[in-house]
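Working notes for the structure below.
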2 protein chains.
Amino acid sequence: MSSRPSLAQVAALSGVSVKTASRALSGEGYVAVETKARVQSAADELGYRLNRTARELRRGGNTSTLVGLLSGDLANPFYSRLASGLERELRMHGLQLITASTDENPEWERRLTDSLLERRVRGLVVASTMAEHGHLAAERRHGSPFVFVDRPPVDLTADAVLLDNRGGAKRAAEHLLERGHRRIGIVGDLSRLSTHQDRVEGFAEAMEAAGVADWRDYLLEDAHDVDKAERAVRALLARDPAPTALFTTNNRITTGALRAIGHTPFAATNKDAATHRDTATHRNAATDKDAATGNSAAGNSAAGKGTALIGFDELDLGDVLGVSVIAHDPEEMGRHAARLLLARLDGDDGPARRVVLPTRLIERSTTALT
Amino acid sequence: MSSRPSLAQVAALSGVSVKTASRALSGEGYVAVETKARVQSAADELGYRLNRTARELRRGGNTSTLVGLLSGDLANPFYSRLASGLERELRMHGLQLITASTDENPEWERRLTDSLLERRVRGLVVASTMAEHGHLAAERRHGSPFVFVDRPPVDLTADAVLLDNRGGAKRAAEHLLERGHRRIGIVGDLSRLSTHQDRVEGFAEAMEAAGVADWRDYLLEDAHDVDKAERAVRALLARDPAPTALFTTNNRITTGALRAIGHTPFAATNKDAATHRDTATHRNAATDKDAATGNSAAGNSAAGKGTALIGFDELDLGDVLGVSVIAHDPEEMGRHAARLLLARLDGDDGPARRVVLPTRLIERSTTALT
DNA sequence: CTGAAAGCGCTAACAA
DNA sequence: TTGTTAGCGCTTTCAG
């Protein structure tokens with residue numbers, strides 16, 4: 001627990017001035033080889049390690065190598081893949097990522113933003129959950145570049161990497177309409193999120209163009225987690241008349257829907273049940289053998305089995321399961337964000353850029369013609 | 001792009017000393033309400049923001065609020081869920097997570113570890129990919145607590161949160177053996193990883209207890225990504241005699257195996273193909289309609305369709321797909337790591353602790369009796 | 001309640 | 001090639 005050795009101690013031990021020690025260790029040059037070796041071994045002996053924060057303080061201004069990322073929750077594959085793409089790209093340029101989860105809570109987002117800025121991050125990538133961003137206007141003047149991802153800035157001009165939400169959702173609806181569906185349920189995330197609104201809009205556009213005026217009857221919103229989504233879908237399928245198809249507007253809702261619909265490959269022998277979902281519950285390495293009691297998937301399969309489904313976001317096992325989706329590339333979004341940021345750090349002071357990434361329809365068995 | 005205002009500038013503008021400004025803004029007290037208000041408004045006017053690195057430098061020692069996490073790749077759900085659990089727990093205690101991906105490359109790990117230590121992180125959580133950790137012994141004496149996750153430290157005493165890899169793998173093998181399987185293929189990750197070795201050991205124990213001596217004939221290792229795993233499984237199934245069951249030792253290998261085996265729910269109508277896997281490829285929002293050409297999943301279904309399968313790690317849609325797994329809770333591992341770290345930061349200097357988290361068998365349709 | 005001086009660990013600027 | 005001095009932005013210490 002002895003406190004860390006400083007450069008001064010290394011200098012003392014090797015009998016040189018602090019500055020010489022600094023030069024020797026930071027590879028600045030202009031140090032006799034012999035001196036350098038002596039300093040090096042003194043450093044090793046003491047277990048010396050540069051204090052990067054002190055260096056950055058002295059060097060002043062923009063020398064931090066930290067980039068902040070604010071997003072909903074890393075456990076969501078969309079965010080984690082975004083983070084992965086971003087981190088890798090930054091790492092290649094000597095920058096490090098510091099992540100903070102907001103849990104889609106504006107208050108947390110505000111607090112964490114402050115905290116990252118106090119830490120003098122070099123830039124900030126944010127999948128914002130806030131309604132507006134005027135409060136960041138002052139920051140921009142102080143030279144911290146922001147890149148918005150997934151959701152655009154409101155009341156603020158800044159770079160952004162977005163998805164073609166509207167187009168993707170429209171395509172999803174068209175795909176279902178082409179297959180003859182008219183009563184199409186749509187289950188969405190938090191209604192305040194712009195991504196949600198855009199997806200509903202795109203959906204609406206296709207539906208109205210097809211002359212389906214009452215599509216709102218089958219709209220369910222604010223299904224923010226898998227369980228809520230499962231319940232929402234179940235409720236939707238219980239309607240009379242029931243929808244013949246579903247559009248789920250993100251990966252978690254699609255997961256919930258799949259559970260509700262019971263698109264299980266081997267329904268007859270499937271022994272899995274709702275109790276298995278909570279992997280947080282540990283039961284001492286015991287064997288779980290649930291009989292079919294309370295098996296929600298099987299239980300409802302009669303109701304939803306024939307229901308067509310298409311989801312926004314690709315799923316990890318989407319290909320194996322055969323789920324039709326509107327796919328896009330979260331890693332690419334992260335890489336793009338990194339590139340925009342790096343350009344700013346490189347001195348680019350042009351007008352704010354907005355990149356819109358495409359989506360594509362992947363047609364699989366959940367929307368196959370019967 | 002004007003540089004950030006410092007406390008001195010706030011002090012100047014409000015006509016007080018630097019120290020008074022400091023007191024006013026950091027809520028230290030002993031400031032006249034009126035003075036405090038004046039300083040506050042000056043700070044607002046200038047857009048002042050505390051420089052936390054300067055504060056930490058001055059306060060000395062262990063005042064950083066940063067905790068580092070080193071792991072393979074956030075895009076892997078195991079790591080991202082671990083990170084999520086860790087981050088949330090730390091956040092509740094005012095600490096922030098800084099993540100770095102090693103891509104299972106020891107060289108990167110070493111470099112990133114150095115970098116994090118130079119940043120004076122308060123502690124380090126590491127899913128190490130290195131063969132030994134003796135080089136960190138010096139660090140421990142300087143008061144930076146390490147917590148190893150998933151894989152234990154080698155040549156170093158430190159806290160660790162591990163899985164019951166051996167027990168879980170043994171249980172998997174027993175489960176298959178109980179169902180009458182004898183020729184069981186086992187596909188594993190990088191053979192140098194201790195987790196892999198432990199899982200193979202557990203598997204071996206059960207196999208040998210059951211009198212299956214030649215299990216190694218069906219062992220394939222170093223299938224580190226989904227594609228490699230898919231190919232490995234395909235090769236295994238092409239053997240004569242082919243294995244009747246498979247044990248895949250992590251989530252990515254299981255994914256690859258599912259693709260190879262083609263456990264698709266609607267095989268007859270499944271239109272998905274290998275080309276869809278690369279979501280990195282964007283094709284301008286176009287519709288992908290692949291005919292069954294080159295559909296690897298369907299193509300091999302004849303070979304592997306009847307093959308039983310159990311995987312280590314839960315899968316996102318494992319319940320819907322009906323895949324039997326040895327499950328555990330990555331978030332819990334993260335939370336545990338946080339707790340161990342927090343205890344150390346709180347002054348706990350007892351002997352190194354080792355937590356072993358249980359696994360549990362979830363029996364689903366891929367190992368159902370036919 | 002307020003302030004002046006010193007210093008955290010490091011490096012820029014300027015000497016020698 | 002090496003050393004000295006000053007100072008990054010903040011807080012501690014000690015006086016007012």
Side-chain angles (χ1 to χ4, degrees), chain A residues 2-40 42-43 46-65 115 117-122 142-143, chain B residues 2-40 42-43 46-65 115 117-121 142-144:
Chain A
S2 61
S3 82
R4 282 173 188 290
S6 71
L7 201 49
Q9 303 181 47
V10 176
L13 182 60
S14 46
V16 297
S17 77
V18 192
K19 178 64 211 185
T20 300
S22 168
R23 275 194 275 252
L25 295 175
S26 62
E28 187 184 323
Y30 301 107
V31 185
V33 252
E34 191 253 342
T35 311
K36 182 166 180 172
R38 200 147 36 89
V39 173
Q40 189 61 257
L46 293 173
Y48 170 78
R49 222 174 253 289
L50 170 74
N51 184 330
R52 195 177 280 267
T53 56
R55 165 186 281 184
E56 283 170 4
L57 179 60
R58 175 61 245 226
R59 289 202 171 153
N62 296 328
T63 47
S64 155
T65 60
S115 178
L117 288 171
E118 286 179 354
R119 217 172 278 291
R120 294 297 187 267
V121 289
R122 202 70 188 288
H142 292 304
Chain B
S2 61
S3 82
R4 278 172 192 292
S6 71
L7 200 50
Q9 303 181 46
V10 175
L13 182 59
S14 45
V16 296
S17 78
V18 191
K19 179 61 213 183
T20 299
S22 168
R23 274 194 275 251
L25 295 175
S26 61
E28 187 184 322
Y30 301 106
V31 186
V33 252
E34 192 254 342
T35 311
K36 182 165 180 173
R38 198 146 36 88
V39 174
Q40 189 60 257
L46 293 173
Y48 170 78
R49 222 175 256 287
L50 170 74
N51 185 331
R52 196 176 282 267
T53 58
R55 164 186 283 185
E56 283 171 5
L57 179 59
R58 176 60 244 224
R59 289 202 172 155
N62 296 327
T63 47
S64 155
T65 59
S115 179
L117 289 171
E118 286 179 354
R119 215 173 279 291
R120 296 295 188 268
V121 290
H142 292 304
S144 295

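All chains are named by letter (A, B, ...) in the order of the sequence lines, taking the proteins before the strands, and each is independently numbered beginning at 1.
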Write down the distance between CZ (Arg55(B)) and C1' (dC8(C)), rounded to a whole number of angstrom. 14 Å
Gap between atoms OH and C1', on Tyr48(B) and dG9(D) respectively (whole Å): 8 Å
May I ask you to say whether Arg119(B) pairs ionically with Glu56(B), meaning some side-chain N is under 4.0 Å from a carboxylate O? no
Closest-nucleotide 5' rank along DNA chain C - winner of Thr20(B) and Arg120(B): Thr20(B)
Quick one: Glu56(B) CD to dC8(D) C1', roughly how many Å, whole number? 15 Å
How many Å lie between CD on Glu34(B) and P on dC1(C), as a whole number? 12 Å
Among residues at least two apart in sequence or on other chains, which ones pass salt bridge (charged side-chain N to carboxylate O under 4.0 Å, His left out) with Arg23(B)? none
Start at the 5' end of DNA chain D and walk down; is the nucleotide closest to Asn51(B) or to Val16(A) reached first? Val16(A)
If you only use heavy atoms from C-beta on, which nucleotide in dT11(C), dT11(D), dT2(C) is closest to the side chain of Ala32(B)? dT2(C)
Does Lys19(B) pair with Glu28(B) as a salt bridge, N-O distance under 4.0 Å? yes
By nearest-nucleotide position on DNA chain C, the 5'-leaning member of Arg52(A) and Arg38(B) is Arg38(B)
For Thr35(A), answer base if it contacts any base atom (sugar-phosphate contacts may also be present), sugar-phosphate if it contacts only those atoms, and nothing otherwise; contact means non-hydrogen atoms under 4.0 Å. sugar-phosphate
Answer yes or no: does a side-chain N or O of Ser22(B) lie under 4.0 Å from OP1 or OP2 of dC10(D)? no
Would you check, one step at a time, whether the test side-chain contact (heavy atoms from CB on, under 4.5 Å) holds for Asn51(A) with Glu118(B)? CA-CA 5 Å; Asn51(A) 184 330; Glu118(B) 286 179 354; over 6 Å; no
So, taking the atom named CG in Leu7(B) and the one named CG in Leu50(B), what distance separates them when rounded to the nearest 0.5 Å? 8.5 Å
Helical bend (five base pairs per end, nearest 10°) for the helix from dC1(C)-dG16(D) to dA16(C)-dT1(D): 40°
Candidate nucleotides dG9(C), dA12(C), dT12(D), ranked by approach to the side chain of Arg59(B) - the nearest: dT12(D)
Looking only at the side chain of Leu57(A) (C-beta and beyond, no hydrogens), which of the listed nucleotides dT2(C), dG9(D), dC10(D) gets closest? dG9(D)
Side-chain heavy-atom pair Arg38(A), Thr35(A) within 4.5 angstrom cut-off: yes
Could one point to a donor on the side chain of Arg23(B) or the base of dG3(C) with an acceptor on the other under 3.5 Å away? yes
Is Ser17(A) near enough to dT2(D) that one of its side-chain N or O atoms lies under 4.0 angstrom from OP1 or OP2? no
Nearest-Å distance for atom pair CG/P, residues Leu7(B) and dG9(D): 10 Å
Would you mind reading off the distance between Glu28(B) atom CD and dT13(D) atom P, rounded to a whole angstrom? 11 Å
Does the side chain of Ser144(B) come under 3.5 Å of the side chain of Arg4(A) through a donor N or O and an acceptor N or O? yes
Would you tell me whether Ser115(A) and Arg52(B) have side-chain atoms, one donor and one acceptor, within less than 3.5 Å of each other? no
If you compare every side-chain N and O of Tyr30(A) against the phosphate oxygens of dG3(D) (OP1, OP2), does one of them come in below 4.0 Å? no
Using only heavy-atom distances, decide whether a donor-acceptor pair under 3.5 angstrom links the side-chain of Arg58(B) to the base of dG9(D). no
Given dC10(D), dG9(D), dT12(D), which nucleotide is nearest the side-chain atoms of Leu50(B)? dC10(D)
Please report the distance, rounded to the nearest Å, between NZ in Lys19(B) and C1' in dA15(D). 14 Å
